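A quick note: this is a predicted structure, and the numbers were derived from the prediction, not measured.
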Amino acid sequence: MSFLFGGRPQLSSAEKIAAAETEVEMVSDMFNRLSQSCTKKCIPPEYREPDLNKGESVCLDRCVSKFFEVNLKVSEKMQGEAAQKGAGGGAMGGFGM
(Lines give C-alpha, C1' and ligand atoms only; values in the text may rest on other atoms or scores of the structure.)
Protein backbone atom coordinates (compact mmCIF):
# COMPACT_ATOMS: atom_id res chain seq x y z
CA MET A 1 0.00 0.00 0.00
CA SER A 2 3.01 2.28 -0.17
CA PHE A 3 1.72 3.62 -3.52
CA LEU A 4 -1.17 5.30 -1.67
CA PHE A 5 1.21 7.41 0.39
CA GLY A 6 3.65 8.49 -2.30
CA GLY A 7 6.13 5.61 -2.03
CA ARG A 8 7.26 3.63 -5.02
CA PRO A 9 5.52 0.30 -5.49
CA GLN A 10 7.76 -2.74 -5.05
CA LEU A 11 8.63 -4.55 -8.26
CA SER A 12 8.38 -8.30 -8.59
CA SER A 13 11.38 -10.36 -9.68
CA ALA A 14 9.99 -10.67 -13.20
CA GLU A 15 9.55 -6.89 -13.41
CA LYS A 16 13.09 -6.33 -12.13
CA ILE A 17 14.46 -8.73 -14.74
CA ALA A 18 12.44 -7.05 -17.50
CA ALA A 19 13.69 -3.63 -16.38
CA ALA A 20 17.29 -4.88 -16.35
CA GLU A 21 16.89 -6.41 -19.82
CA THR A 22 15.45 -3.15 -21.14
CA GLU A 23 18.34 -1.22 -19.63
CA VAL A 24 20.89 -3.56 -21.23
CA GLU A 25 19.17 -3.14 -24.60
CA MET A 26 19.21 0.65 -24.25
CA VAL A 27 22.90 0.72 -23.28
CA SER A 28 23.76 -1.64 -26.14
CA ASP A 29 21.84 0.53 -28.59
CA MET A 30 23.58 3.67 -27.33
CA PHE A 31 27.00 1.99 -27.63
CA ASN A 32 26.24 0.84 -31.18
CA ARG A 33 25.09 4.32 -32.23
CA LEU A 34 28.17 5.85 -30.61
CA SER A 35 30.51 3.38 -32.32
CA GLN A 36 28.94 3.81 -35.74
CA SER A 37 28.74 7.59 -35.55
CA CYS A 38 32.27 8.21 -34.27
CA THR A 39 33.88 5.56 -36.47
CA LYS A 40 32.21 7.02 -39.56
CA LYS A 41 33.30 10.52 -38.59
CA CYS A 42 36.86 9.86 -37.39
CA ILE A 43 38.29 6.78 -39.10
CA PRO A 44 38.73 6.65 -42.88
CA PRO A 45 37.34 3.56 -44.63
CA GLU A 46 40.78 2.60 -45.99
CA TYR A 47 43.25 1.66 -43.26
CA ARG A 48 46.83 2.77 -43.81
CA GLU A 49 48.23 1.92 -40.39
CA PRO A 50 47.40 -0.86 -37.93
CA ASP A 51 46.95 1.61 -35.04
CA LEU A 52 45.06 4.85 -34.71
CA ASN A 53 47.11 7.93 -35.52
CA LYS A 54 47.04 10.94 -33.23
CA GLY A 55 44.39 12.80 -35.24
CA GLU A 56 42.03 9.82 -35.30
CA SER A 57 42.52 9.26 -31.58
CA VAL A 58 41.82 12.89 -30.71
CA CYS A 59 38.78 12.90 -33.00
CA LEU A 60 37.39 9.77 -31.32
CA ASP A 61 37.95 11.25 -27.84
CA ARG A 62 36.11 14.44 -28.76
CA CYS A 63 33.33 12.59 -30.56
CA VAL A 64 32.66 10.29 -27.61
CA SER A 65 32.76 13.23 -25.19
CA LYS A 66 30.27 15.22 -27.28
CA PHE A 67 28.03 12.19 -27.73
CA PHE A 68 27.75 11.67 -23.96
CA GLU A 69 27.36 15.40 -23.28
CA VAL A 70 24.45 15.65 -25.72
CA ASN A 71 22.93 12.40 -24.44
CA LEU A 72 23.06 13.75 -20.87
CA LYS A 73 21.47 17.08 -21.86
CA VAL A 74 18.68 15.35 -23.77
CA SER A 75 18.03 13.00 -20.84
CA GLU A 76 17.89 15.89 -18.37
CA LYS A 77 15.51 17.83 -20.63
CA MET A 78 13.21 14.83 -21.06
CA GLN A 79 13.21 14.12 -17.30
CA GLY A 80 12.39 17.76 -16.59
CA GLU A 81 9.47 17.71 -19.01
CA ALA A 82 8.22 14.42 -17.57
CA ALA A 83 8.43 15.85 -14.05
CA GLN A 84 6.47 18.96 -15.11
CA LYS A 85 3.77 16.83 -16.72
CA GLY A 86 3.62 14.62 -13.63
CA ALA A 87 3.38 17.60 -11.27
CA GLY A 88 0.75 19.32 -13.42
CA GLY A 89 -1.39 16.21 -13.86
CA GLY A 90 -1.42 15.27 -10.20
CA ALA A 91 -2.49 18.63 -8.77
CA MET A 92 -5.85 17.26 -7.56
CA GLY A 93 -4.27 14.23 -5.96
CA GLY A 94 -6.39 11.86 -8.01
CA PHE A 95 -9.37 12.13 -5.63
CA GLY A 96 -11.53 14.31 -7.88
CA MET A 97 -11.96 17.10 -5.35
Counterpart residues, side-chain hydrogen bond (donor to acceptor under 3.5 Å, both in side chains), relative to Arg33 (two or more places apart): Asp29
Thr22 (side chain) donor-acceptor with Ala18 (main chain) under 3.5 angstrom: yes
Contacts of Lys73 that satisfy salt bridge (charged side-chain N to carboxylate O under 4.0 Å, His left out) - sequence neighbours left out: Glu69
Contact list for residues 37-56, test side-chain hydrogen bond (donor to acceptor under 3.5 Å, both in side chains), sequence neighbours left out: none
Asn71: side-chain contact (heavy atoms from CB on, under 4.5 Å) partners, not counting sequence neighbours: Met30, Ser75
Residue list, side-chain contact (heavy atoms from CB on, under 4.5 Å) with Ser13, at least two apart or on another chain: none
Any residue meeting side-chain contact (heavy atoms from CB on, under 4.5 Å) with Leu34, in chain and number order, not counting sequence neighbours: Cys38, Val64, Phe67, Phe68
Salt bridge (Lys or Arg N to Asp or Glu O under 4.0 Å) contacts in which one or both residues fall within residues 16-27, not counting sequence neighbours: none
Under the side-chain contact (heavy atoms from CB on, under 4.5 Å) test, residues paired with Cys42 that sit two or more places apart: Cys59, Leu60, Cys63
Members besides Met78 in its Ile/Leu/Val/Met/Phe/Trp/Tyr cluster (side-chain heavy atoms under 4.5 Å): Val70, Val74
